[in-house]
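Reviewing the structure listed below.
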Amino acid sequence: MTSRIQPCPTESGRALPSSFYRRADVIRIARELLGKFIVTGGIGRKTVGMIVETEAYVGVTDRACHAFGGRRTIRNEAMYAAGGIAYVYLCYGLHALLNVVTHRRGAPYAVLIRAVEPIGGLALMRRRRGAQVPDRRLTAGPGSLTQALGIGVRHNGVNLAGPEVRIEDRGVRISPSGIAARPRIGVNYAGADARRPWRFYLLGNPWVSQR
DNA sequence: ATGTCGATTTGCT
DNA sequence: GCAAATCGACATA
């Protein structure tokens, strides 16, 4: 029995512990989620994607955050739970968007997953997305990756170390110089907060969303 | 390459 | 009623 030296993205890894999510610095967590893996589905229906693009939503003072000013609704209730669960909501009435809830209970911080690189279960992803969709657009964009991974609003509130949606560390290490920090997408209504560089992505990765 | 538009749930006025 | 953490189709250039 030999052990591998290089990390292999097609093997299973360790689910991130709740301590990863429950830290106060959501910006740091957004950066550290790059290169982690989202795994969905059971035996025979497994799909895997490596996170390549994220955005931080920074609590009650962030005008772009659903919890700005302490807003608390049925929809965004999951943001107020302790870190380590999913906040999945319906955007424009159509697209399920996946967020990672962070920080402590009562502190509504979250990281939006904007794009993943397809790693496993490609055939199932193509079936879910439609045969005419090119691989380049399979999981590029927050509404696209959830469709490819089979994530919907039914996953709102699920534990991210659990079987439905699991985020794993598979040993991929990202150097800070490989990460771009830019303004977030689609939040122009948020005034000065729209310009803050809280969108992070892997430089040169083909699955980063375009637009 | 850039622009407009429709699909359609949720929350705020 | 209207805008929203989007996407893809279609139009025009």
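Here is the naming used below: chain letters follow the sequence lines, and residue numbers restart at 1 for every chain. All values below were derived from every heavy atom in this structure, side-chain atoms included, with hydrogens, water molecules and symmetry-related copies excluded.
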Taking [atom1] from [X] and [atom2] from [N], how many angstroms apart are they, rounded to a whole number?
| X | N | atom1 | atom2 | result |
| --- | --- | --- | --- | --- |
| A:Leu90 | C:dA3 | CG | C1' | 15 Å |
| A:Tyr189 | B:dC12 | OH | P | 12 Å |
| A:Glu53 | C:dT6 | CD | P | 10 Å |
| A:Gln147 | B:dA7 | CD | P | 18 Å |
| A:Gln210 | C:dT6 | CD | P | 15 Å |
| A:His66 | C:dA3 | NE2 | C1' | 11 Å |
| A:Arg71 | B:dC12 | CZ | P | 6 Å |
| A:Phe68 | B:dC12 | CZ | C1' | 14 Å |

Pick the nucleotide of DNA chain C nearest each of A:Arg137 and A:Asn188; which residue has the one closer to the 5' end?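 Final value for this comparison: A:Asn188.
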
Have a look at A:Glu77 and tell me which of A:Arg105, A:Arg72, A:Arg71 forms a salt bridge (charged side-chain N to carboxylate O under 4.0 Å, His left out) with it.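 Only one of A:Arg105, A:Arg72, A:Arg71 forms a salt bridge (charged side-chain N to carboxylate O under 4.0 Å, His left out) with A:Glu77, namely A:Arg72.
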
Nucleotide opposite C:dT6 in a Watson-Crick or G-U pair, distances under 3.5 Å: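 Pair assignment: C:dT6 / B:dA7.
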
Which one, B:dC12, C:dA5, C:dC7, comes nearest to the side chain of A:Pro142?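 Closest nucleotide to the A:Pro142 side chain: C:dC7.
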
Among B:dG11, C:dT6, C:dC7, which nucleotide has an atom closest to any side-chain atom of A:Ile74?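 Within the option list, the nearest is B:dG11.
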
Pi stacking test for A:Tyr57 and C:dA5: under 5.5 Å apart, planes under 30°: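 According to the criterion (under 5.5 Å, under 30°), yes, A:Tyr57 stacks.
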
Check: C:dA5 base within 3.5 Å donor-acceptor of A:His95 side chain: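 Under the 3.5 Å cut-off, the side chain and the base do not form any donor-acceptor pair.
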
Hey, does A:Arg63 reach any base, or is it just sugar-phosphate, or nothing, if we go heavy atoms under 4.0 Å?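 Nothing, no heavy atom under 4.0 Å.
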
How is A:Leu94 classified with respect to the nucleic acid when contacts are heavy atoms under 4.0 Å: base, sugar-phosphate, or nothing?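 Since a base atom lies under 4.0 Å of A:Leu94, the category is base.
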
Do any side-chain nitrogens or oxygens of A:Arg114 fall under 4.0 Å of OP1 or OP2 in C:dT6?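 The answer is yes; a side-chain N or O of A:Arg114 sits under 4.0 Å from OP1 or OP2.
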
May I ask you to verify if any side-chain N or O of A:Arg72 is less than 4.0 angstrom from the OP1 or OP2 atom of B:dG11?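 For A:Arg72, the contact criterion (side-chain N or O under 4.0 Å from OP1 or OP2 of B:dG11) is not met.
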
Rounded to whole angstrom, note down the [atom1] distance from [N] over to [M].
| N | M | atom1 | result |
| --- | --- | --- | --- |
| C:dA13 | B:dC5 | P | 15 Å |
| C:dA3 | B:dT4 | P | 15 Å |
| B:dT2 | C:dA5 | C1' | 23 Å |

Check whether A:Phe20 forms a cation-pi arrangement with A:Arg23 (NZ or CZ under 6.0 Å from the six-membered ring centre, at most 45° off the ring normal).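 Yes, a cation-pi geometry holds between A:Arg23 and A:Phe20.
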
Taking 4.0 angstrom as the limit, do A:Asp135 and A:Arg126 come out as a salt bridge?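 Judged by the 4.0 Å cut-off on N to carboxylate O distance, A:Asp135 and A:Arg126 do form a salt bridge.
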
Taking side chain as C-beta onward, heavy atoms only, is A:Val111 less than 4.5 Å from A:Asn99?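 The answer is no; the side chains never approach within 4.5 Å.
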
Using 0.5 Å steps for rounding, measure from the CZ atom of A:Arg114 to the CG atom of A:Leu97.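 CG of A:Leu97 is found 8.0 Å from CZ of A:Arg114.
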
A:Leu203 atom CG, over 12 foreign heavy atoms within 6.0 Å: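 Enclosed: over 12 neighbouring heavy atoms sit under 6.0 Å from CG of A:Leu203.
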
